[in-house]
K.L.:
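Handing you this structure, nothing more for now.
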There are 2 protein chains.
Amino acid sequence: MLESHQYLRQFSIKPSVQRSAVMNFLLKNRIHPTIDEIYLALSPSMPTLSKTTVYNTLDLFVEKGAVRALAIDEKNARYDVDISAHAHFKCRSCGSIHDIFDLNANMYQLPENKSFKIDSIEISYFGICEHCIGN
Amino acid sequence: MLESHQYLRQFSIKPSVQRSAVMNFLLKNRIHPTIDEIYLALSPSMPTLSKTTVYNTLDLFVEKGAVRALAIDEKNARYDVDISAHAHFKCRSCGSIHDIFDLNANMYQLPENKSFKIDSIEISYFGICEHCIGN
DNA sequence: ATTATCTTTGTAATTGTTTCAAATAAATAA
DNA sequence: TTATTTATTTGAAACAATTACAAAGATAAT
Ligand SMILES: [Mn+2]
Ligand SMILES: [Mn+2]
Ligand SMILES: [Zn+2]
Ligand SMILES: [Zn+2]
């Protein structure tokens, strides 16, 4: 919790109790969680926590560049505290999302394009995960 | 309409009136439309068309491999009748989605991975489009 | 013609997200 | 400190996209 406190400051985010708790969860659970997963995980120890606060908090984190929102899951927004350039894998069966590899320089290279001003890239792979194959 | 009739058969989709109309729209409007856009476009000429049918139809098309569902837009599912390997660009301002380039062989190459059985890739770029810059 | 199967339709339910105003907490000024 | 302003959290309601489902309609098989 102290760590997340510090961590938030690096992104000039004022560390409230709720924000620190959310960031702490993200730092310790690198599973690209949904809003609901975050809320359900924190709710027991913070009974007054509102889901709206989780939404507000994640919006703020994204705006400040502390976390990245992933589009890989059509159902729910997914959040990643790892903002380095890396690709993801989503299992079609269980829906879990995993880091798959770091993007090398030429893959991550944002292409020059006359029609669009490109500022970011998202590379997603789909298939079946190890765990689901063994079922 | 005759064309889409034929086209559907290639994917062993039985071409009903509704299915042909939806496929015809997709073939002639390569804008990666949402369900709603498809429904609103067809609705005037097919007043009895149900939105549920549009959902059913697109689910079937995806299942049969005739169209690809894109995850690039968090709000709505987007559908692409072009199933070739190509990357997309989404404008953060107006939300429009464009084809940006074909994926070359080494980019499209699905990586071998011991933990996951990978079957597809989606590469998305984000930024601001030409039109929105000039505003 | 009858029966069975496939497809479409409209409604209702569900889910994820956003809006918003009141309540609470934190920061600043007096 | 106390008062005042500003920032944050909260819960309820509104909203939007999708899904579930059962009845109606169309098509195919007997
Ligand atoms: Mn990640
Ligand atoms: Mn496309
Ligand atoms: Zn899995
Ligand atoms: Zn634009």
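Proteins come first, then strands; the chains are lettered A, B, ... in the order of their sequence lines, and each starts at number 1.
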K.L.:
Is D119(A) close to R92(B) at the side-chain level, that is, under 4.5 Å between some pair of heavy atoms?
P.N.:
yes

K.L.:
Check for a donor-acceptor pair, side chain of Q18(B) on one end and backbone N or O of T53(B) on the other, with a separation under 3.5 Å.
P.N.:
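The answer is no, because no donor-acceptor pair under 3.5 Å joins these two groups.
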
K.L.:
Looking at every heavy atom in both K64(B) and I13(B), which two are closest together, and how far apart are they?
P.N.:
CG-CG1, 3.6 Å

K.L.:
Got a salt bridge between E74(A) and K90(A), using NZ or NE/NH1/NH2 to carboxylate O under 4.0 Å?
P.N.:
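Answer for the salt bridge query: yes.
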
K.L.:
Just the rounded figure in Å: distance from P of dT8(C) to CG of L58(B).
P.N.:
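That distance rounds to 12 Å.
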
K.L.:
For residues H5(A) and S20(A), report the shortest heavy-atom separation together with the two atoms involved.
P.N.:
CD2-OG, 3.4 Å

K.L.:
Under 4.0 Å from any heavy atom of chain A: name the first and the last nucleotide of DNA chain D that qualifies, 5' to 3'.
P.N.:
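So the contact region on DNA chain D extends dA7(D) to dT19(D).
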
K.L.:
Q18(A) side chain N/O closer than 4.0 Å to the phosphate oxygens (OP1, OP2) of dA25(C)?
P.N.:
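For dA25(C), OP1/OP2 do not have a side-chain N/O of Q18(A) under 4.0 Å.
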
K.L.:
What's the shortest heavy-atom distance between S84(A) and H86(A), and which atoms?
P.N.:
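Heavy-atom minimum between the residues: O-ND1, 2.8 Å.
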
K.L.:
Base, sugar-phosphate, or nothing for T34(A), non-hydrogen atoms under 4.0 angstrom?
P.N.:
nothing

K.L.:
Using nucleotides 15-24 of chain C, report all nitrogen or oxygen pairs with the protein that are shorter than 3.5 Å.
P.N.:
{"from": "dG16(C)", "atom 1": "OP1", "to": "N76(A)", "atom 2": "OD1", "distance (Å)": "3.3"}
{"from": "dG16(C)", "atom 1": "O3'", "to": "K75(A)", "atom 2": "O", "distance (Å)": "3.4"}
{"from": "dT17(C)", "atom 1": "OP1", "to": "A77(A)", "atom 2": "N", "distance (Å)": "3.0"}
{"from": "dT17(C)", "atom 1": "OP2", "to": "Y55(A)", "atom 2": "OH", "distance (Å)": "2.9"}
{"from": "dT17(C)", "atom 1": "O5'", "to": "Y55(A)", "atom 2": "OH", "distance (Å)": "3.4"}
{"from": "dT18(C)", "atom 1": "OP1", "to": "K75(B)", "atom 2": "NZ", "distance (Å)": "3.1"}

K.L.:
For E37(A) and F25(A), which heavy atoms make the closest approach, and how far apart are they?
P.N.:
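E37(A) and F25(A) have their closest heavy atoms at O-CZ, 4.4 Å.
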
K.L.:
Quick check: on DNA chain C, is the nucleotide nearest P47(B) upstream (toward 5') of the one nearest K14(B), or the reverse? Name the residue that is more 5'.
P.N.:
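Taking each residue's closest nucleotide, the earlier one in sequence belongs to K14(B).
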
K.L.:
Base, sugar-phosphate or nothing for S16(A)? Non-hydrogen atoms, less than 4.0 Å.
P.N.:
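Answer is sugar-phosphate: S16(A) comes under 4.0 Å of backbone atoms only.
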
K.L.:
Should the pair K51(B)-D36(B) be classified as a salt bridge under the 4.0 Å nitrogen-to-oxygen rule?
P.N.:
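Yes, charged N to carboxylate O under 4.0 Å.
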
